[in-house]
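It should be emphasised that the depicted structure is a prediction, and the values quoted were computed from it without experimental measurement. The sequence lines fix the lettering, A, B, ..., with proteins before strands; numbering per chain opens at 1.
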Protein chains: 2
Amino acid sequence: MSPKPMARPGGRSARVQASVHAAVRELEAERGRAALTVPLVAARAGVTPSTIYRRWGDLQELLSDVAVERLRPDTEPADRGGLRADLTAWAEQFLDEMSSTAGRAYIRDALLGDPDGGNAGQCSAYAAAQVDLVLARAHERGEDGAPAREAIMDHVVAPIMYRILFRPEGLSATYARELVEQTLAGLPG
Amino acid sequence: MSPKPMARPGGRSARVQASVHAAVRELEAERGRAALTVPLVAARAGVTPSTIYRRWGDLQELLSDVAVERLRPDTEPADRGGLRADLTAWAEQFLDEMSSTAGRAYIRDALLGDPDGGNAGQCSAYAAAQVDLVLARAHERGEDGAPAREAIMDHVVAPIMYRILFRPEGLSATYARELVEQTLAGLPG
DNA sequence: CGGTTAAAAGCAATCCCTTTGCGTTAAGAG
DNA sequence: CTCTTAACGCAAAGGGATTGCTTTTAACCG
């Protein structure tokens, strides 16, 4: 439900959605998120405010949609030759991107205007898909004893997100490394 | 920083704060959170809207303050005679309370209007204090090998909160039990 | 390919939330 | 008790949020 379900996915509806999303990104970069209002976004996008209110409900839901788009990973996890190295590198990058000022803002926005939890679920699905890629590579290499996907979500991803949201002070790549080490304890490599 | 720092903690200021917080709780129960507006809360509290805007900034920050108050634990963790039993019981209750409709709403509100992260940090501190109480009891009993407080935050509390925020479907007390079991693996019990 | 239908966008008027300047009250200090 | 100033009340203006109605057009079906 990240882009709201469109009964009419083509033509004008699609153009309006793209135009509005682009307007949000532009104005966010130019004036900052605090200055965003629905009428401002509407004017930049070339639509009327009521169009946005009818499709997204309010500004927060619109920002939530845009935030989820920006949280979508744009690259596959790097292949460093082994599960431990792959997972460590991915976790470090994940923490680094998510704990940045921009990343935290996007996470908050994604959670914020999300009555049904669909957008938040999408964020989690992105991370899970990346983890699955790492695990699939390990499987192809014949590495045994890799943890389940859910174990990594619980013991690597979840602690990182918890710290970002609830205890933003003093986060570093070291923390991500430690979490991976604990989760992979007992594996060679 | 849950109740905003008051340069004048006594008398009228304190009365206004209490009155406004009470108004939020009453109206939330009567009409639901979606119906809350600053002028509505102000009228119930017997103050003018500008008072609320000047002290809290906007509705979200006010709701964030009220939410943190409601997330404060009102009882100590039950003493069931041993670390494993204590921690399991506490984790089950924590998940149960936090994953309820009301609990999720309070968590979201607490994160929502929280520019400096102070309110979110307070939520985490509440959980940490409860965990510390359980661990202190284990120490007094002479139980050895108990995990560090941070290990429990990372591997029990964090996964629970992550699931509540990002994957609300299919959460049950069983999940809390499993997390505790994994964290205490290897301990007698 | 037209013709039909209804979803989605435009328009405009209304409501009321938000913001701000200024005067008043009262908490805290000496 | 007096002084200072933070905090509150008041009121006006500005603008964002909401909604009924109309127009456009995407999608469907003969």
Side-chain angles (χ1 to χ4, degrees), chain A residues 1-24 26-28 30-66 109 112-116 118, chain B residues 1-24 26-28 30-66 109 112-115:
Chain A
M1 187 171 282
S2 171
K4 285 261 188 291
M6 279 186 293
R8 297 186 169 182
R12 184 168 67 167
S13 287
R15 277 197 304 277
V16 166
Q17 160 144 359
S19 172
V20 169
H21 278 221
V24 168
E26 290 171 19
L27 289 168
E28 206 169 348
E30 292 174 15
R31 310 193 189 184
R33 203 173 82 274
L36 295 188
T37 67
V38 170
L40 191 68
V41 171
R44 171 67 63 103
V47 300
T48 61
S50 63
T51 294
I52 293 181
Y53 287 117
R54 285 219 163 83
R55 260 183 79 162
W56 281 277
D58 61 15
L59 180 64
Q60 288 182 349
E61 291 187 42
L62 171 58
L63 291 180
S64 182
D65 277 357
V66 175
D109 281 344
L112 211 97
D114 193 19
D116 56 1
Chain B
M1 186 171 285
S2 172
K4 285 262 187 291
M6 279 186 292
R8 295 187 169 181
R12 184 168 66 166
S13 287
R15 277 196 304 277
V16 166
Q17 160 143 1
S19 172
V20 169
H21 277 220
V24 169
E26 291 170 19
L27 290 169
E28 207 169 347
E30 292 174 17
R31 309 194 189 183
R33 200 173 88 276
L36 293 187
T37 67
V38 170
L40 191 68
V41 171
R44 172 67 63 102
V47 300
T48 61
S50 63
T51 295
I52 293 182
Y53 285 117
R54 284 218 165 83
R55 257 182 82 164
W56 282 276
D58 61 16
L59 180 64
Q60 289 182 350
E61 290 188 42
L62 171 58
L63 292 180
S64 182
D65 277 357
V66 174
D109 281 345
L112 211 96
D114 193 19

field: Under-4.0 Å side-chain N/O to phosphate OP1/OP2 contact, B/Arg55 with D/dC8
entry: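 So the side-chain polar atoms of B/Arg55 do come within 4.0 Å of the phosphate oxygens OP1 or OP2 of D/dC8, strictly under.
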
task: Indicate whether OP1 or OP2 belonging to D/dG9 is found under 4.0 Å from a side-chain N or O atom of B/Thr51.
output: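 Yes.
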
Between [N] atom [atom2] and [X] atom [atom1], what is the distance in whole Å?
X	N	atom1	atom2	result
A/Trp56	C/dA8	CH2	P	11 Å
A/Arg15	C/dA9	CZ	P	11 Å
B/Gln60	C/dC17	CD	C1'	14 Å
A/Ile52	C/dA8	CD1	C1'	14 Å
B/Leu36	C/dC17	CG	P	12 Å

message: Which heavy atom of B/Ser19 sits nearest to which heavy atom of B/Ala45, and what is that distance?
response: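 Smallest heavy-atom distance, with atoms named: OG-O, 2.7 Å.
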
- request: Could you pull out the closest heavy-atom pair between B/Leu36 and B/Leu63, with the gap in Å?
  value: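 What the structure gives for the nearest pair is CD1-CD2, 3.7 Å.
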
task: Tell me, please, which residues at least two apart from B/Glu26 pass side chain to side chain donor-acceptor pair (under 3.5 Å).
output: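 B/Glu26: side chain to side chain donor-acceptor pair (under 3.5 Å) contacts with B/Arg44.
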
About how many Å separate [atom2] of [Y] and [atom1] of [X], when rounded to the nearest 0.5 Å?
X	Y	atom1	atom2	value
A/Asp114	A/Gln60	CG	CD	11.0 Å
B/Thr51	B/Gln17	OG1	CD	13.0 Å
B/Arg55	B/Asp65	CZ	CG	9.5 Å

- prompt: Nearest of D/dG16, C/dG10, C/dA26 to any side-chain atom of A/Pro39?
  reply: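 Nearest to the side chain of A/Pro39 among the choices is D/dG16.
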
query: C/dA8, D/dC8, D/dC10: which one has an atom nearest the side-chain heavy atoms of B/Arg12?
result: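 Selected nucleotide: D/dC8.
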
Check the interface with nucleotides 19-22 of chain C: list each N/O to N/O pair with the protein under 3.5 Å, or write none.
residue: C/dG21; atom: N7; partner: B/Arg54; partner atom: NH2; Å: 3.2
residue: C/dG21; atom: O6; partner: B/Arg54; partner atom: NH1; Å: 3.3
residue: C/dG21; atom: O6; partner: B/Arg54; partner atom: NH2; Å: 3.2

